[in-house]
Amino acid sequence: MSAVLENEEILEGGSRENFTQMAGLDTGPVSVESYRSPELYEREREQVFGRAWLYIGRIEELPNPDSYFVKDIEVRKASVLVTRDKQGKISAFHNVCSHRGNLLALQPSGSQSRFTCAYHGWTYRNNGELIGVPDQGRFFDLDKKKLGLKSIATDIWEGFIFINFQPEPEVSLKEFLGSYGEVYAGVPLVNNHQTMVIEAKFNANWKLIADAFAEAYHVPKMHPATLAPGFAHPVKNKFARPLAGLTYGLHRSFSAYGDPEYVSPPDSHVERLACKIDTGSLLGADLSEEVLRLRAHPGVNPTKLPCWSADVTWIFPNFNIDYSPGGYWTHEFWPTSYNTTRWVLTIRMPIATTVRQRLQQEHYAARWGEVVLEDVTNCERIQKGLESGAINVMQLQDGEMLIRHSLHVLDKWMEADTVAEAMK
Ligand code: FES
Ligand SMILES: [Fe+2]
C-alpha cells in the first residue's frame, strides 16, 4: 500500500494524504536501540548483511573483458574481487588466496586475465580457476580443481551489480527486488560517461547517515541557502513536503518537491551563468531526449506533477538511487562498526562538450559539496545524543516515513530465521 498526491493543493496547507498509514505502518515512536547497540550490530552483520543482496558496483566499472575491481565490505570483513572474463561474464570472488589466505589482487581496479598471489605465486584465472602452483610436487594430494577462488553469488539489475554472501542465496535478486525492480526497470540511466565520487567516514551508525538523505523535512532548516529556494516554497510548500511516499516490499521511495517556477535570483551571477536559464528554470536545465525519456518513464515521478524534483529511492538495506529531472545519482552506506560508517556518493555527469556545460558541471559539483556537508553535519552529534541514553525512542512525522519503513523491515530481518519469512 502506498500513496501519491493527486494535485499540489495539499501542499498549500489543506488536507493531505497520510503516507505512513497508507503504507500499512503504525505511527508510534520508534526505538533507537539499533543505532547504539554493539550487540544488535553483530546481529545485523549476520541477519541483514549476511543474507540480503548488496549493491557493489556498476557494469561501467568493468568496461572491457579482463576488467576487474576490488572492494572491501567491512561489515562482512570481506575483500571482494569482481571480474569480467573474456566471454564478458561478471563474477565475484573472495579476494583470498586458497594457499594460506593472503589477499590476492592488491590494486583497487585494473585489467588482467590472471592474478598471481604475492606470497608464493599461486596463480588464478579471472574466472576463479587455480591454474598455477609453484613446486606443486611437494604438496600432498593437492587438487587444483577444488582450490579455485571462493565465489560469491552475483547478479545484475539494470547495470547495477549485486552480490550475496549466502553460499546459496535463499532468494534470487529478482525476487529480492520484487516490485521495485519492476517499477524502475527501463529507466534511462543517463550520464554514465563519467562519475564524481565523494567518499567519507563518520563516527556514526550507518543508518544515521542514511536517514540524513531519507526525508525532506530537514530541507528548510539545514539547506536554507542551497536547496530550500528551489526545493521548498515560502507559500506553497514551506516544509518541503513530499509528493509521494511509496513502499515496494522491502524497498521504498519518496518523491521530492521542486518549484518549477524557480529561477536563480538576479544577483546570483555564477548560478545564473551555470544554469541554463534560457530553458526556463533550474529543474528544466537539461532537456536532452534521453532526459525527457527518463522523466516520461511511468515509474519515475508517480504523481507526474510538474512540481517534482527527484524520486529518492531505497533498496534495502543500504543502497539509495535518486532519479531526478537531470539524471541519477547513488549513495552507499557501509557500516564499519556499530558507530562508524563509510559513505559513498556517486554522481554521474556527461562529458562536457561546451564551455558552458563545463562551467555548469563545476557549479553542480561545488553545490553538491555544500549540500552534502549540510546533510551530514548533525550525524556525529546525533550518535553522541543517542549513545548518551537520554532518549530511547525517536518521533517520526509523516514525511519521515521512509526511516520508519526502513527500521520496520530491518526488524523483520533481525528476527526472521529465513529470508522468505523476513520478506513476508
Ligand atoms: S598465500 Fe597465496 S601463494 Fe601462498
Ligand atoms: Fe538534505
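In this chain, residues are counted from 1 in sequence order. Both backbone and side-chain heavy atoms feed into the values below; hydrogens, waters and symmetry mates do not. In listed order, ligands and their atoms are each counted from 1.
- Atom NZ in K146 sits 10.0 Å away from atom CG in D141 (nearest 0.5 Å).
- If you look at Y41 and Y338, their ring centroids are not closer than 6.0 Å.
- Neither side chain, R404 nor T27, offers a donor N or O lying under 3.5 Å from an acceptor on the other.
- For a distance bound of 2.8 Å, the N, O or S atoms of D375 include one lying that close to the Fe ion (ligand 2).
- Summary: NE2 is the N/O/S atom of H218 found nearest to the Fe ion (ligand 2).
- Protein residues with a heavy atom closer than 4.0 Å to ligand 1 are C97, H99, R100, N102, C117, Y119, H120, G121, W122, listed by chain and number.
- Taking the centre and axis of the six-membered ring of F165, the NZ or CZ atom of R51 falls outside the cone set by 45° and 6.0 Å.
- In this structure, the ring of W329 has its center no less than 6.0 angstrom from the ring center of F213.
- Distance check: T341 OG1 to F202 CZ gives 8.0 Å after rounding to the nearest 0.5 Å.
- In the model, T313 has no side-chain atom that pairs as donor or acceptor with a side-chain atom of Y184 under 3.5 Å.
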